Amino acid sequence: MRPIAIRHGETESNVQGREMGQLDSPLTPRGIQQAHAIARRLARVPFDALYSSDLGRAVQTADIIGASCGKKVTIDDGLRERHMGIFQGLTVAEMRERFPKERQDYERIGFEYVIPGGESARQRLERSVRVLTAIANRHTEETVVVVTHGGFLMGFFESVLGMVPGNGWRFKRHNGSYNAFEYRDGRWSLEVWNDVSHLDGTGT
């Protein structure tokens with residue numbers, strides 16, 4: 001089974017540097033361009049099903065892909081971004097001002113820290129593996145496109161490569177990027193990461 005994982009197009013919150021988590025933010029004009037660009041690429045790639053996170057920025061991206069490729073979008077809320085709890089909607093500076101202790105704990109504890117009202121990075125990683133493995137088991141020997149989020153993808157990427165958690169930041173993960181994995185004999189492997197060759201001309 002081969003899942004092609006797409007990060008949604010650029011959003012207003014991405015431009016503003018806000019951590020939206022499971023809140024939402026509309027695509028920017030460039031984000032819409034990115035969604036159309038990845039849709040054109042996927043129109044040349046035979047695939048069997050199209051899944052999306054239920055958050056609006058992912059759905060908007062997936063709808064553009066679905067319209068271009070003639071595929072119905074299946075919504076799966078397990079593909080959501082990490083729930084950032086009290087940090088949602090804030091910039092890093094705002095987090096440090098409003099929640100100095102919690103932000104300090106977040107930076108110090110890292111992977112295991114459960115944000116008040118939200119999730120830990122471990123919980124997000126475990127969810128990503130559980131959800132994508134369930135999709136893989138429903139689509140044995142098929143290719144599936146999944147539209148999701150940067151943090152979700154990063155946790156999964158770290159898991160597949162067996163990286164020490166929290167080191168994925170060393171690898172870029174652009175909006176509208178093309179990422180491909182393979183699931184075979186109960187094991188995950190990486191094929192392609194952060195391919196943005198289709199985004200030429202979008203200012204990415």
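Keep in mind the model is a prediction, meaning the values are calculated, not measured.
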Original post:
Between the main-chain N or O of G56 and the side-chain N or O of Q60, is there a donor-acceptor pair closer than 3.5 Å?
Top reply: no
Subject >> Heavy-atom check, side chain of H83 versus side chain of Q123, under 4.5 Å >> reply: no
Original post:
Side chain of H149, backbone of Q22: donor and acceptor closer than 3.5 Å?
Top reply: no
Original post:
Is the closest basic N to carboxylate O distance between E107 and R96 below 4.0 Å?
Top reply: yes
Original post:
Does R173 make a cation-pi contact with F157 (under 6.0 Å, within 45 degrees of the axis)?
Top reply: no
Original post:
Do the side chains of V145 and K71 get nearer than 4.5 Å, heavy atoms only?
Top reply: no
Original post:
Which atom pair, heavy atoms only, marks the closest approach of A37 to L199?
Top reply: CB-CD2, 3.8 Å
**OP:** Can you see which heavy atom on K172 is nearest to which on H174, and at what distance?
**Re:** CB-CE1, 3.9 Å
**OP:** Decide yes or no for L50 and K72: does some side-chain heavy atom of the first lie under 4.5 Å from some side-chain heavy atom of the second?
**Re:** no
Original post:
What is the minimum heavy-atom distance between A39 and C69, and which atoms define it?
Top reply: O-SG, 3.9 Å
Original post:
Charged N to carboxylate O under 4.0 angstrom, E119 versus R82?
Top reply: no
Subject >> Sub-4.5 Å side-chain heavy-atom contact between R127 and F152 >> reply: yes
Original post:
Looking at L190, I4, V192, which hits side-chain contact (heavy atoms from CB on, under 4.5 Å) with F181?
Top reply: L190
**OP:** Assert yes or no for the condition that the ring centre distance of Y106 to F87 is strictly below 6.0 Å.
**Re:** yes
Subject >> Heavy-atom check, side chain of R138 versus side chain of M1, under 4.5 Å >> reply: no
Original post:
Considering only heavy atoms from C-beta outward, does the side chain of E81 approach that of R124 to under 4.5 Å?
Top reply: yes
**OP:** Could you check if a side-chain atom of L55 sits within less than 4.5 angstrom of a side-chain atom of L23, using non-hydrogen atoms only?
**Re:** no
**OP:** Give a yes or no answer on whether the side chain of D48 reaches the backbone of T143 with a donor-acceptor pair at less than 3.5 Å.
**Re:** yes
Original post:
Has the side chain of E158 got a donor or acceptor atom that lies under 3.5 Å from a matching backbone atom of V164?
Top reply: no
Original post:
Between W188 and Y183, how do the two ring planes meet: parallel, tilted or perpendicular, split at 30° and 60°?
Top reply: tilted
Original post:
Between M84 and L153, is there a shared hydrophobic cluster once you connect ILVMFWY residues whose side-chain heavy atoms come closer than 4.5 Å?
Top reply: no
Original post:
Is there side-chain contact between I115 and E102, with heavy atoms separated by less than 4.5 Å?
Top reply: no
Original post:
Do you know which two heavy atoms are closest between I38 and H198, and how far apart they sit?
Top reply: CD1-NE2, 3.4 Å
**OP:** Check for a donor-acceptor pair, side chain of E10 on one end and backbone N or O of T28 on the other, with a separation under 3.5 Å.
**Re:** no
Original post:
What is the minimum heavy-atom distance between N137 and T140, and which atoms define it?
Top reply: O-OG1, 3.6 Å
Subject >> Expected output: side-chain T61 to main-chain G9 donor-acceptor under 3.5 Å >> reply: yes
Subject >> Heavy-atom donor-acceptor pair, T148 side chain to L79 backbone, under 3.5 Å >> reply: yes
Original post:
Which value, rounded to the nearest 0.5 Å, describes the distance between L90 atom CG and R18 atom CZ?
Top reply: 7.0 Å
Original post:
Hey, does the side chain of D24 reach the backbone of R57 with a donor-acceptor pair shorter than 3.5 angstrom?
Top reply: yes
Subject >> Polar side-chain atom of N179 near backbone of A5 as donor-acceptor pair, under 3.5 Å >> reply: yes
